[in-house]
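Only one structure is covered here, and it is reproduced in the block below.
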Amino acid sequence: MLSSCDCATAANSVLFLRRIGTVALLFILASFSWFVLFKAGETIGFKIPDSLTSHAPRVFFFIPPSPPLPPPSDTQENKLEKVLKDAAMDDKTVILTTLNEAWAAPSSVIDLFLESFRIGNHTRELLNHLVIIALDEKAFSRCLVVHTHCYALVSEGVDFSKEAYFMTHDYLKMMWTRIDFLKGVLEMGYNFVFTDADVMWFRDPFPHFYKDADFQIACDHFLGNPEDVENRPNGGFLFVRSNNRSIEFYKFWYTSRETYPNLHDQDVLNNIKYDSFIIDIDLKMRFLDTTYFGGFCEPSKDLNVVCTMHANCCFGLESKLHDLRVMLQDWKIFLSLPPTLKRSLPPSWRVPQNCSLDSLHLYAPPLENVEQ
């Protein structure tokens, strides 16, 4: 049994240890507070005087290394994904066109193209879903001025800024770059309407697309049957749904440039549309009626139903601009007519004029300079 003296000694020892523990805890807390204050001062740019820090208790803490920063998300694919997502309809459909410097100047093709959307029937809202693919820096800068959704597709070592005449080396590169790019859009899960910028939009075309088609394309010459592969397609306007069939088809189309060297995408399509590969992958291909999707090669005959008109079969930018302006004027005149006159006496187009095939034969330009 402990004596009263021993109990008192033990009690004093416990009390002493508690006091030592309390002092140590207060010291640690004070040191940590000073460290936090010091770091906070550094963060906001306030420097604590050396006279204070020199007498501060020095306590060392293990500071774990900061986690590495995530890699920058500004890759070309991420940029494209963002632009497509911002422009897409609810079903992931976008409208795409390409633009180079030659067509981007004020009062040139791009301005007429955008004007057609603004004055067409139920087409203005479609501008929210239009992505302009700029092929050079000046075209991209111009796009940022005139439109919301722009993407820069600049190919190293290739200059797409100038007017590319039909079948020239630059023209062929531009067309195949376009096919490869569109393949990538399909692989990202987006449906698209591709439209050349010299296609004028007068009505919403979506009601006239075939519901069951994977790939549907406008024609230079339409023979009356949308399933007839003898139709003469034009790659300047088409609607493609993203699925395994269309992706495999675009891969086949792009690689077929090696099978048919020195041909442009449209002529290669005219060759491969007969290929058994199309049947093997069960691709549903349809050709669009020129009644709704016309062009200078075969103009739509009825302004009451026309959706788009393409300035195809044309030589030279000046001729194209002249006839595009006439075509827009024809449309404005039609819109100004009273409904009874629109139905009973539908006016016809005054185009082609400078872009007519007769003019091509008259002036006999080199075949390679004919724009499609």
Side-chain angles (χ1 to χ4, degrees), residues 97 107-124 126 193 195-209 216-226 228 230-239 286-363 365 370-372:
T97 193
S107 302
S108 190
V109 175
I110 190 61
D111 285 352
L112 301 178
F113 176 69
L114 296 175
E115 182 183 357
S116 74
F117 277 85
R118 295 185 187 109
I119 66 175
N121 286 343
H122 304 294
T123 51
R124 178 183 284 269
L126 294 177
V193 177
T195 170
D196 278 344
D198 61 347
V199 175
M200 301 293 102
W201 286 54
F202 298 125
R203 283 188 179 84
D204 181 357
F206 284 90
H208 296 283
F209 290 139
Q216 43 198 309
I217 187 169
C219 298
D220 284 338
H221 300 290
F222 180 70
L223 302 178
N225 180 356
D228 188 352
E230 294 299 327
N231 287 303
R232 301 296 293 180
N234 187 302
F237 186 89
L238 40 84
F239 178 37
R286 298 291 182 269
F287 299 90
L288 298 171
D289 192 337
T290 51
T291 299
Y292 307 105
F293 305 95
F296 292 163
C297 299
E298 191 170 289
S300 170
K301 297 178 177 63
D302 189 350
L303 275 72
N304 286 289
V305 298
V306 65
C307 294
T308 63
M309 278 281 286
H310 188 184
N312 50 8
C313 293
C314 192
F315 162 65
L317 181 56
E318 289 307 314
S319 295
K320 190 182 291 282
L321 287 171
H322 174 274
D323 279 20
L324 284 173
R325 291 180 182 121
V326 172
M327 184 161 57
L328 282 175
Q329 188 177 11
D330 288 348
W331 177 251
K332 290 174 182 176
I333 292 171
F334 170 76
L335 291 178
S336 69
L337 294 175
T340 51
L341 278 182
K342 287 179 183 176
R343 290 191 297 268
S344 62
L345 190 64
S348 59
W349 300 106
R350 291 177 294 150
V351 291
Q353 292 180 6
N354 293 6
C355 287
S356 69
L357 294 178
D358 290 339
S359 298
L360 294 178
H361 296 312
L362 177 64
Y363 293 107
V370 179
E371 287 194 347
Q372 293 271 334

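Positions are given from 1, in the same order as the sequence printed here.
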Hey, is the main chain of Gln216 close enough, under 3.5 Å, to the side chain of Arg286 for a donor-acceptor pair? no
Side chain to side chain donor-acceptor pair (under 3.5 Å) against Thr195, all qualifying residues, sequence neighbours excluded: Trp201
So, does Asp330 use its side chain to make a donor-acceptor pair with the main chain of Arg350 at under 3.5 Å? yes
Does Asn231 use its side chain to pair, donor to acceptor, with the backbone of Pro233 at less than 3.5 Å? no
Which value, rounded to the nearest 0.5 Å, describes the distance between Thr123 atom OG1 and Leu114 atom CG? 11.0 Å
Chi angles and distances behind the side-chain contact (heavy atoms from CB on, under 4.5 Å) call for Phe237, Asp196: CA-CA 6 Å; Phe237 186 89; Asp196 278 344; over 6 Å; no
Could you tell me if the side chain of Leu324 sits less than 4.5 Å from the side chain of Val351, heavy atoms only? no
Is the shortest side-chain N to carboxylate O distance from Glu115 to Lys332 below 4.0 Å? yes
Please check if the side chain of Asp198 supplies one atom and the backbone of Asn312 the other of a donor-acceptor pair under 3.5 Å. no
Tell me whether Arg325 contacts the main-chain N or O of Leu112 through its side chain, where contact means a donor paired with an acceptor under 3.5 Å. no
Does some side-chain heavy atom of Met309 sit less than 4.5 Å from a side-chain heavy atom of Trp349? yes
N/O donor-acceptor pair under 3.5 Å between Ser300 side chain and Thr291 backbone: yes
Do Phe202 and Asn121 come close enough that some side-chain heavy atom pair is under 4.5 Å? no
Please report the interatomic distance NE2(His221) to OG1(Thr290), rounded to the nearest 0.5 Å. 9.5 Å
Within the structure provided, determine whether His310 and Met200 are in side-chain contact (heavy-atom separation under 4.5 Å). no
Approximate separation, where rounding is to 0.5 Å, of Cys314 SG and Gln353 CD: 11.5 Å
Tightest non-hydrogen contact, residues Val199 and Phe113, listed as O-CD1, 3.1 Å
Does any non-hydrogen side-chain atom of Cys219 lie less than 4.5 Å from one of Asn234? no
With a 4.5 Å heavy-atom cut-off, do Leu288 and Phe239 have their side chains touching? no
Leu335 and Trp331, any side-chain heavy atoms less than 4.5 Å apart: yes
Can you list the steps and then say if Phe222 with Phe287 is a ring-ring contact (aromatic ring centres under 6.0 Å, His included)? CA-CA 8 Å; Phe222 180 70; Phe287 299 90; 8.1 Å; no
Using a strict 4.0 Å threshold on nitrogen-to-oxygen distance, state whether Asp220 and Arg232 make a salt bridge. no
Here the gap from Lys342 atom NZ to Ser336 atom OG, rounded to the nearest 0.5 Å, amounts to 7.5 Å
Heavy-atom side-chain contact between Val306 and Tyr292 under 4.5 Å: no
Okay, side chain of Lys320, backbone of Phe315: is any donor-acceptor separation there less than 3.5 Å? no
Interatomic spacing from SG in Cys307 to CZ in Phe206 - rounded to 0.5 Å: 11.0 Å
SG-SG distance between Cys355 and Cys313 under 2.5 Å? no
